[in-house]
Amino acid sequence: MDLLLDIASAVLLLTGGLLVFVGGVGVMRMPEFFTRMHAASVTDTGGAALILAGLMLQGGLTLVPLKLAAIFLFLFLTSPTASYALANAALLSGVATACRNQTGKQLPEERQDALSASKPQTPPVAKAPAEKAAAKKAATAAAPKKPAKKAARKATRKTAKKPAKKAARKKS
Amino acid sequence: MEVLGLYNYFVFAVLLMVGLYCILARTNIIKSLIGLTIFQAAVFLLYISMDKIDGGTAPIILEGVDDQIFANPLPQVLILTAIVVGISTTALALAVTVRIKEAYGTIEEDKIQEMDRET
Amino acid sequence: MITIVFSLFLLTMLVIVAVAILRTDNLFTAVMLSGIFSLIMAANFFILDAADVALTEAVIGAGISTVLFLSALALTAEYDRSPPVGTWVPLLTSSALGGVIIFATFQAPRLGDPNAIVHKHVAPWYLERTPELIDVPNVVTAVLASFRGYDTLGEVFVVFIACIGVMSLLGRVRPRRDSIEEGEFEKRSDNLRHHLIPRVVGKMLVPFIVLFGLYVQFHGDFGPGGGFQAGALIAAGVILYALVEGGPRGRELVPEWFSSMLVALGALTYTAVGVVSMMRGGRFLDYSALSHDPIHGQHMGILIIEAGVGMTVAGVMITIFHAFSRRGIR
Amino acid sequence: MTLYDQLPALVVAVLLFTAPIAYMLRLHGFPWFVATAGVVTSFAVACSLAATVIGGETIIYEMGGWPAPYGIVLSIDALSALMAMLITGASSAALIFGYKSLADEVGEEIAPAFFAAWLLCTAGLVGMVVSGDAFNIFVFMEISSLSTYVLISAGPDRRALISTYRYIVMGTVGATFYLIGVGFLYMVTGTLNTADLAARVGQVEDIRLVLVAAGFVSVGLAVKAAIFPLHSWMPNAYTFAPNAVTVFIAAASTKVSLYVLMRVDYAIFQNSIANHDVQLTFFLVPLGVLALFSGSMLAIYEKNLKRLLAYSSVAQIGYIALGISMTSVAGLTGAIVHMFNHGLIKGGMFMAVACLAIRYRTVNVANLAGAGRAMPWTMAAFVIGGLGLIGVPLTPGFISKWYLVLAALNEGWLGALLVAIILFSSLLAVIYVWKVIEVAYFREPRSNAVPVTEEAPLVMLIPTWIVVLAGVWIALDTGMTVGLASVGAKILLGAAL
């Protein structure tokens with residue numbers, strides 16, 4: 001039984017790790033902001049969930065799986081929110097236009113509408129940091145609670161990070 | 001293996017170097033302050049590296065568990081203090097920075113120096 | 001062995017992130033990276049068996065400090081425009097510093113050496129005597145609150161003074177309003193209120209964060225935690241509320257007069273414990289004098305001073321955040 | 001335990017207890033009152049402590065009842081009692097003096113914060129002086145530095161802000177250096193208590209870490225003490241701080257770092273590192289001499305009176321560094337007495353400058369023409385202080401320089417050279433003091449300037465003269481200062497009393 005549990009948890013952990021890795025590679029290789037975010041989401045969801053599940057199996061019948069479940073719940077609340085805030089900030093600060101030039105493709109029509117609609121009301125530069133601050137906050141608030149999960153978190157944060165940097169560059 | 005045991009100190013030295021370089025070479029105030037936080041964090045690393053003991057665990061004494069080796073609690077206490085001191089300094093420095101920006105319109109030290117020389 | 005591998009990895013990451021911070025011109029990126037830096041540092045502390053410090057570094061270094069930097073960035077500048085000149089002197093100075101340290105530490109005890117002098121003199125005394133003298137499981141709390149309680153008192157006053165300083169710098173003259181157009185004033189003051197998702201999720205999380213903070217506060221005797229971490233966590237909850245609901249609502253929740261009074265009251269509570277123990281015939285901060293039974297006295301003293309610490313730290317963080325956020329919209 | 005036994009803790013605890021109260025009670029004028037009451041009480045406590053330890057004993061007070069080296073102890077001997085008196089005395093004098101000028105420069109709105117910071121600054125400095133624990137010194141160093149930043153940034157000019165920023169960076173780097181040094185010491189000894197450190201450092205086999213630790217601690221403290229060439233934060237910080245703040249920090253704050261430097265180098269390293277006295281001499285003598293010259297020269301060419309005095313402080317710190325470097329009872333006595341006397345002189349002079357500033361609204365030397373006639377009492381106080389800087393007999397500066405010269409004469413050819421340097425730099429002091437006197441007494445006021453006919457208000461003038469007269473009294477009756485200083489010097493050197 002123990003052996004079975006171990007094997008199951010190892011499989012889960014390895015798959016989770018693989019997903020995190022894939023997410024990382026995706027962030028490096030994807031051409032522009034929104035696709036990168038998409039890649040990053042793999043770490044947030046699949047990677048985190050599988051690794052937590054693997055750890056739960058290791059924990060056995062103690063308080064540990066419960067705590068891990070709490071972390072799981074927390075992650076599933078915060079990371080989509082953070083992604084939403086990030087994407088929203090990127091859209092408002094006009095990252096999308098930059099990516100069109102880069103990939104050489106036209107944006108789908110409705111997105112151009114969204115852009116032209118949002119542009120005029122968009123507050124200038126100063127607005128963006130405040131909003132990213134909020135996105136960031138959601139991520140950092142999660143941080144203290146899970147030292148055990150730092151590898152996954154780190155990957156997540158890094159991925160969340162990169163596009164923002166790019167975004168700011170593009171803007172200038 | 002012996003050299004690996006000293007890796008913490010090397011990283012401590014490198015972080016100190018990076019921090020100090022950032023403070024000295026950058027004229028942007030916020031950048032210098034980030035350098036300052038790295039500089040302070042390096043010292044945290046030095047102290048916490050001292051508390052580690054092979055096969056040890058965090059110094060929380062649980063009843064019924066004998067012959068456990070515990071990490072040294074003292075450096076941890078010192079660094080708890082130092083972390084709080086660090087954030088206090090940072091907060092104060094950032095407040096000063098905001099006021100500098102309001103008074104001078106820039107947070108580049110070289111520009112501020114020029115402005116002061118003119119007056 | 002596995003610790004060393006982990007440790008090597010994390011330490012190398014630390015250096016990489018530090019160099020990345022140095023190299024970037026975008027201050028926003030630099031601040032984000034410094035948050036990551038603190039988080040890696042916290043993970044590293046955890047591996048080095050310093051659970052309390054890891055918790056503190058994660059809450060304060062990665063959380064509060066990042067928020068403060070971002071608030072300051074929103075009020076100042078986005079790019080580092082340092083001229084790339086005169087790098088010789090800094091380079092030489094810092095390499096000299098690094099050289100001296102590497103030279104010095106070459107014969108320092110290696111990581112985890114059980115025979116290091118550090119583990120031989122004062123430390124074992126704490127570990128042996130804490131159960132009989134203070135009787136709390138977490139030795140770090142015992143040393144922090146009682147054996148070196150005077151240091152902790154000083155630390156409380158350090159955060160107190162930081163709060164005073166930020167208030168006196170940012171609370172006084174208000175910046176001209178004409179720099180911001182009228183319509184934008186409204187927009188800026190309600191931050192994320194028009195975003196449904198962050199608002200709902202954020203509000204959902206706040207009570208749990210505060211609850212966790214209280215747990216850390218009162219569980220500090222038994223596990224990692226204590227007043228500092230708890231105060232910072234509770235403040236993080238309030239700050240999150242202020243971020244999603246906008247600064248004015250945040251100030252309605254915890255008014256500024258309340259948070260700044262909390263700061264002073266916390267500091268006063270701590271000192272008062274010292275003074276009371278003096279009046280009862282003990283030394284300054286001698287909690288044993290607080291009760292007939294020395295150990296009971298110690299427990300009482302630690303509980304009260306940790307509460308004082310928690311109050312001060314929470315108050316300070318909230319006050320500082322309010323001071324920064326209000327500066328932005330006026 | 002009687003109240004008498006609690007005095008060592010009270011000297012700090014009173015200040016820490018009153019600071020939050022001063023911050024919470026926001027009635028008009030109340031913060032100032034609370035701060036003054038707290039500081040004066042602390043001064044009284046420090047005086048009674050000094051009376052206890054002048055015989056040469058050391059009081060050990062165990063904080064929290066835990067014995068050293070496990071708990072933190074306060075250790076008070078003649079030297080620390082003298083320093084505590086200087087700090088609390090300077091703080092009370094500056095507060096009383098600043099009743100009017102601070103109300104002028106610091107708004108009502110931030111007064112509670114300001115006076116709480118003032119109390120904590122005093123508490124931090126006193127805490128450093130009485131502490132017997134290396135890490136505790138760091139904590140109180142940070143309390144005093146952070147509150148000093150707050151006090152300086154309250155200055156009315158916008159340049160106060162940038163000076164504060166520079167001070168924050170330098171000060172934090174200095175404090176971190178000190179922390180690194182303490183960390184290395186802890187690594188090789190396993191203790192933080194200064195007395196225990198002194199005993200255990202000697203047993204360390206590999207001296208390398210101890211040497212580097214000594215270097216870090218000394219450099220860190222040298223930054224805080226503004227020893228040349230690490231003084232760059234100081235002149236602007238003094239210049240742009242509110243006037244009463246300048247009086248306080250010029251009199252007390254750098255001296256405390258020098259005191260800690262002295263403590264650490266003599267009590268911990270002197271007995272454990274071979275040839276430590278030679279190393280200390282090589283470290284401090286060149287810096288001291290350079291400080292004497294560069295400080296004096298910069299003062300001679302400076303146009304702003306406050307900055308002129310700040311540069312003169314750089315030079316005077318050079319004297320103290322020279323005294324520390326001489327490793328003899330006479331040299332240390334000279335250094336300690338000079339710390340105290342220079343605090344008194346500079347405090348008095350900055351008070352006089354504040355009096356001038358409140359009437360002239362400027363501290364540029366050129367604009368003070370005719371001040372000798374318009375404000376005779378203020379200028380007289382300034383001149384007496386200036387004579388003290390030069391070291392004219394019957395002024396406090398003479399006493400300390402006399403001891404320094406005596407000590408130098410025992411040091412052979414190097415000593416003779418030092419005597420010549422000390423005398424020469426006194427001549428430089430004559431030049432920069434005369435520069436001010438010439439303008440104030442012998443030059444006609446500019447025709448377009450607003451004529452000043454009024455003497456400074458009595459609430460400022462009386463404290464100024466009390467400080468100046470205290471200086472003269474100390475020059476005439478040297479029993480207290482020299483007594484405490486020589487006992488302190490002997491304790492530091494471990495010599496028989």
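The structure presented is a predicted model; accordingly, all values stated were derived computationally and were not measured. Letters A, B, ... mirror the listed sequences (proteins, then strands); counts begin at 1.
Between the CG atom in C/D25 and the NZ atom in B/K31 there is a gap of 6.0 Å [rounded to 0.5 Å]. Atom OG1 of C/T141 and atom CD1 of B/I60 lie 7.5 Å apart (nearest 0.5 Å).
In this structure, the portions of C/T12 lying under 4.5 Å from any heavy atom of chain B include both its backbone and its side chain. Only the side chain of C/S34 has a heavy atom closer than 4.5 Å to any heavy atom of chain B. With a 4.5 Å cut-off on non-hydrogen atoms, B/L33 touches chain C through its backbone and its side chain both. Interface remark: C/V136 contributes no atoms to any contact with chain B (heavy atom separation under 4.5 Å). At a 4.5 Å heavy-atom cutoff, the contact between B/I48 and chain C is made by backbone and side-chain atoms alike. Only the side chain of B/T37 comes within less than 4.5 Å of a heavy atom in chain C; its backbone stays farther off. Contact annotation for C/F222: only backbone heavy atoms (N, CA, C, O) come within less than 4.5 Å of a heavy atom of chain B. The contact between C/A30 and chain B is made by backbone and side chain atoms together, counting heavy-atom distances below 4.5 Å. Residue B/F39 touches chain C through its side chain alone, counting heavy-atom pairs closer than 4.5 Å. Using a 4.5 Å cut-off between heavy atoms, B/F12 contacts chain C through its side chain alone, with no backbone atom that close. Both the backbone and the side chain of C/L8 come within less than 4.5 Å of a heavy atom of chain B. Residue contact with chain B, scored on non-hydrogen atoms closer than 4.5 Å, involves the side chain of C/I320 exclusively. Interface remark: C/F69 contributes backbone and side-chain atoms alike to the contact with chain B (heavy atom separation under 4.5 Å).
A pairwise comparison of heavy atoms in B/P59 and C/L127 identifies CB-CD2, 4.2 Å as the closest pair. When all heavy atoms of B/Y9 and C/P109 are compared, the closest pair comes out as OH-O, 2.8 Å. Counting all heavy atoms, side chain and backbone alike, C/L22 lies closest to B/R26 at O-NH2, 2.9 Å. Of all non-hydrogen atoms in B/D54 and C/L111, the two that sit nearest each other are OD1-O, 4.1 Å. Of all the heavy atoms in B/A13 and C/G98, the pair that sits closest is CB-O, 4.0 Å. A pairwise comparison of heavy atoms in B/I61 and C/P131 identifies CD1-CG, 3.9 Å as the closest pair.
Of the possible polar contacts, none joining the C/R148 side chain to the B/L74 backbone as a donor-acceptor pair under 3.5 Å is found. Looking only at distances, no side-chain donor or acceptor of B/K101 sits under 3.5 Å from a matching main-chain atom of C/L73. Judged purely by atom type and a 3.5 angstrom limit, C/D52 has no side-chain atom pairing as donor or acceptor with the backbone of B/Q76. Distance alone, capped at 3.5 Å, places no donor-acceptor pair between the C/R110 side chain and the B/L6 backbone. The closest donor-acceptor contact from the side chain of C/H119 to the backbone of B/K52 lies under 3.5 Å.
Ranked by non-hydrogen atom pairs under 4.5 Å with chain C, the options B/D110, B/I34, B/V18 are led by B/I34. With chain C as the partner, the residue from B/V96, B/I79, B/D51, B/L16 showing the most heavy-atom pairs under 4.5 Å is B/D51. Of the listed residues (B/V11, B/I29, B/T97), the greatest number of heavy-atom pairs within a distance under 4.5 Å of chain C belongs to B/V11. Taking B/T106, B/I83, B/T90 one by one and counting their heavy-atom pairs under 4.5 Å with chain C, the maximum is reached by B/I83. Each of B/V14, B/V85, B/T57 has some count of heavy-atom pairs under 4.5 Å with chain C, and the biggest count is that of B/T57.
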> What's the verdict on side chain to side chain contact (heavy atoms under 4.5 Å, CB included) for C/I60 and B/V84, showing C-alpha distance, side-chain angles and the deciding distance?
Replying inline: CA-CA 8 Å; C/I60 289 184; B/V84 177; 4.3 Å; yes
> Yes or no on side chain to side chain contact (heavy atoms under 4.5 Å, CB included) for C/F324 and B/L94, after CA distance, side-chain angles and deciding distance?
Replying inline: CA-CA 9 Å; C/F324 274 103; B/L94 285 174; 3.7 Å; yes
> For C/L170 and B/V98, what are the C-alpha separation, side-chain angles and deciding distance, and is it a side chain to side chain contact (heavy atoms under 4.5 Å, CB included)?
Replying inline: CA-CA 8 Å; C/L170 297 185; B/V98 170; 3.9 Å; yes
> When you look at B/F10 and C/F106, which way does the side chain to side chain contact (heavy atoms under 4.5 Å, CB included) test go after all the steps?
Replying inline: CA-CA 9 Å; B/F10 298 156; C/F106 231 83; 4.0 Å; yes
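Residues B/M50 and C/I117 fail the side-chain proximity criterion, which asks for heavy atoms closer than 4.5 Å. Between B/N8 and C/T105 the shortest side-chain heavy-atom distance does not fall below 4.5 Å. The side-chain heavy atoms of B/I87 and C/L68, taken from C-beta on, include a pair separated by under 4.5 Å.
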